2 protein chains.
Amino acid sequence: MCGILVSMTTDTPARLFQLLSLLQTPREWPGGELAERLGVSRRTVRRDVDRLRELGYPVQATKGSDGGYRLVAGKAMPPLVLDDEEAVAIAVGLRAGAGHAIEGVDEASVRALAKLEQVLPARLRHRVSTLQAATTPLTSGDGASVAPETLTVMASAIAGRERLRFAYRAGDGTATRRLTEPYRLVSTGRRWYLVAYDVDRADWRTFRVDRVNEPFATGARFDPRELPTGNAAEYLRQSMQRRQETYTFSVVFEAPAEVVAERLPAWLGAPEPLADGGCRLRATAGDTVEWLAVRLAMLGHPFTVQEPAELVECVRALGARLTRAADGDPRRA
Amino acid sequence: MCGILVSMTTDTPARLFQLLSLLQTPREWPGGELAERLGVSRRTVRRDVDRLRELGYPVQATKGSDGGYRLVAGKAMPPLVLDDEEAVAIAVGLRAGAGHAIEGVDEASVRALAKLEQVLPARLRHRVSTLQAATTPLTSGDGASVAPETLTVMASAIAGRERLRFAYRAGDGTATRRLTEPYRLVSTGRRWYLVAYDVDRADWRTFRVDRVNEPFATGARFDPRELPTGNAAEYLRQSMQRRQETYTFSVVFEAPAEVVAERLPAWLGAPEPLADGGCRLRATAGDTVEWLAVRLAMLGHPFTVQEPAELVECVRALGARLTRAADGDPRRA
DNA sequence: CCCTCTAGGTCAGACCATGTCCTAGATGTG
DNA sequence: CACATCTAGGACATGGTCTGACCTAGAGGG
């Protein structure tokens, strides 16, 4: 069995890595099979398993006639050993999610993406971008979309404490070049913001990520300053209020509050019940009204828009378009 | 700095794991700092780095006054070392994606999710489900959604070659219990299917995953049979044609084909240009018409639905609802 | 020019990792 | 019930290796 062609370097740590990867396959591995694949004796396998357990990765062993080893959930997160397809799948998934900015995991998600893309082999890299190109049209609809690359470059610069240089096109159209000490990425609703210290202007600024072009880390290290307002999200909120980038809307649904709440994204807040069995939702959004209109339509309940006027207008236009689509001029082919 | 509490077991493989995790942070690590954190001499760090390089993980070193080590993209995918938040972010992202079934990465994505959830510490597990609960209402809208747990259980059973038992509620409402040898998960458009060998019926079957309840692996191992039709996707296609679960729709847009194509998901195919500058899209979908209607509305171009009648009706209803929402009865508060 | 960093050689000694023996216990099958 | 199959783990001799201390060389930045 243990043939002569076992020319493995017999390096212990390497074997442990390999073992860890084998055990992550969701199946049971008998000790004998592991021994064979790793090119060591059964005893050594058992010792290696012990080793992994000591490292905090709980390997569960089932005894009996077709038992075996498998890695189960433990206290710490073991290093994930992914094959090519899985790595691509995760990268694509995270990039798709990066556009959405799911509250609560937004920044961690970008960090994970940055970590993954840092080590993603080149041959997989264009598979990811190809797939992503074929996928994103699903979700994006309005302009102002954010390139995942931009987010990962920023996340890396934040983690690596490197200065970040980029071109910025402000709301009024003026283009500037910025040299910053990036502090934190924050997402609100659908949009990403970078909170950073602007070196040239010697003050803190927030930047809309979709208005950033060609960001790159300069390589120069810096010691993170303290933000005047403790929390980056808080700072962003204040900064947005100053500039009034958000608008408030109010919608009345002809459905009970709890039914509507079920389908509402959490960050919009909860609707308040009304006396007649309906409910009203008042919230602020930073998105385009188009997007909000579609969102509301997707909820599947009759509703009435109260404000703002832009949203009313947008909903009216969308309704008109759909009605026309249904009635259809009899163009044939 | 290097306190006395460096009571690490000084185990070589453990240190390598730790080193790998440190190097995955997107920043530069000077050898001295690594030596300090790992509790070994600088020389040993250099040896460990060499070791990682031999294992196929390219560690890039920049010389000079503030150089250091960092892990870069190589030929193989190194084990990903994630912190808690990143792991949660990936899990949430993949689960959200699992509903979507992005063509090309669908199955790998579920496999990755199964792998991750297999080892996800318990304390993170409910953070994931909480976040997911707060997130999915965004995308799901129509019924028949698939629980990510179901998919991961299935993926694990397939990989582990374990028999799978579940309750199935057929299209006509009849409920049965099935014992299967799961073969492959396939996604089409928005829906997931399990191709499996039904042990009791002694034949191959396809199951809609959203109609599966309480799936669990029995633990009994089996040797995978060969599918009569080589490809699982092919088998599913034939099986769906027999049952006619899809419908064909046809829509005319008043916008150039290339403009519309930009925002269309790839799996719907390309619209064909018409003489008048518009274009027509004919495609088949397995989704509900509601979802398709919203999809079409989101494209942002005027259009006309030609068939099927259900879609016309649905678009009309949606349009009416939106129109009413804009005109609004003057209910106030 | 200096400083800081990586790169790599050599050497002695401690240490550990391995395979080959054991025995014990759990589990499912004939 | 005995049997096969698996995990669990102790003992031990031996060869290999891993470490730190010491060295030199080279690259980059200020």
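Because the structure is a prediction, the values reported are computed rather than measured. By convention in this document, chain letters (A, B, ...) are assigned in the order of the sequence lines, proteins followed by strands, and residues within each chain are numbered from 1.
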Handout entry: Under 4.0 angstrom between B:Arg15 side-chain N/O and D:dC18 OP1 or OP2
Key = no

Fill in the blank from the handout: Tested for salt bridge (charged side-chain N to carboxylate O under 4.0 Å, His left out) against A:Asp198, the lone hit among A:Arg205, A:Arg177, A:Arg178 is A:Arg178

Problem - Between C:dG19 (P) and A:Leu38 (CG): distance, integer Å - result: 11 Å

Handout entry: Rounded distance in Å - CG (B:Asp48) to P (C:dG8)
Key = 14 Å

Problem - Non-neighbouring partners of B:Arg46 that pass salt bridge (Lys or Arg N to Asp or Glu O under 4.0 Å), sequence neighbours left out - result: none

Fill in the blank from the handout: Comparing nearest nucleotides in DNA chain C, the 5'-proximal residue of the pair B:Val59, A:Thr44 is B:Val59

Problem - Gap between atoms CD and P, on B:Glu36 and C:dC5 respectively (whole Å) - result: 12 Å

Fill in the blank from the handout: The answer to which of A:Pro30 and A:Pro13 contacts DNA chain D further toward the 5' end, by nearest nucleotide, is A:Pro30

Exercise for the section: Could you check how far CD of A:Glu28 sits from P of D:dC6, rounded to whole Å? Expected result: 12 Å

Fill in the blank from the handout: Across all chains, not counting sequence neighbours, the salt bridge (Lys or Arg N to Asp or Glu O under 4.0 Å) partners of B:Glu28 are B:Arg70

Exercise for the section: With sequence neighbours left out, write down each residue that passes salt bridge (Lys or Arg N to Asp or Glu O under 4.0 Å) with B:Arg51, or none if nothing qualifies. Expected result: A:Asp11

Fill in the blank from the handout: Taken to the nearest whole Å, CG/A:Leu16 to C1'/C:dC16 is 13 Å

Handout entry: Interatomic distance where CG belongs to B:Asp50 and C1' belongs to C:dA7 [whole Å]
Key = 8 Å

Show the distances under 3.5 angstrom between N or O atoms of the protein and N or O atoms of nucleotides 21-25 of chain D.
none

Handout entry: Rounded interatomic separation in angstrom, taking OH from B:Tyr69 and C1' from D:dA27
Key = 13 Å

Practice task
Verify, without hydrogens or angle tests, whether B:Arg123 (side chain) and A:Lys75 (backbone) share a donor-acceptor contact under 3.5 angstrom.
Solution key: yes

Practice task
Report the C-alpha distance between A:Val128 and A:Val88 in whole Å, list the side-chain angles of each, state the deciding distance to 0.1 Å, and finish with yes or no for side chain to side chain contact (heavy atoms under 4.5 Å, CB included).
Solution key: CA-CA 6 Å; A:Val128 169; A:Val88 170; 3.9 Å; yes

Handout entry: Pairwise side chain to side chain donor-acceptor pair (under 3.5 Å) hits with a residue in residues 112-122 of chain B, at least two apart
Key = A:Glu86-B:Lys115, B:Arg95-B:Glu117

Practice task
Send over the distance from B:Glu33 CD to C:dC5 C1', rounded to a whole Å.
Solution key: 13 Å

Practice task
Could you please spell out the steps behind the side chain to side chain contact (heavy atoms under 4.5 Å, CB included) verdict for B:Phe207 and B:Phe166?
Solution key: CA-CA 11 Å; B:Phe207 301 95; B:Phe166 55 84; 3.9 Å; yes

Handout entry: Under 3.5 Å: donor-acceptor pair, side chain of B:Trp29, backbone of B:Leu22
Key = yes

Problem - N/O (side chain, B:Thr12) to phosphate O (OP1/OP2, D:dT19) under 4.0 Å - result: yes

Handout entry: Short side-chain N/O contact to C:dA7 OP1/OP2 from B:Arg42, under 4.0 Å
Key = no

Please tabulate the protein-to-nucleotide N/O contacts below 3.5 Å involving nucleotides 27-30 of chain C, giving atom names and distances.
none

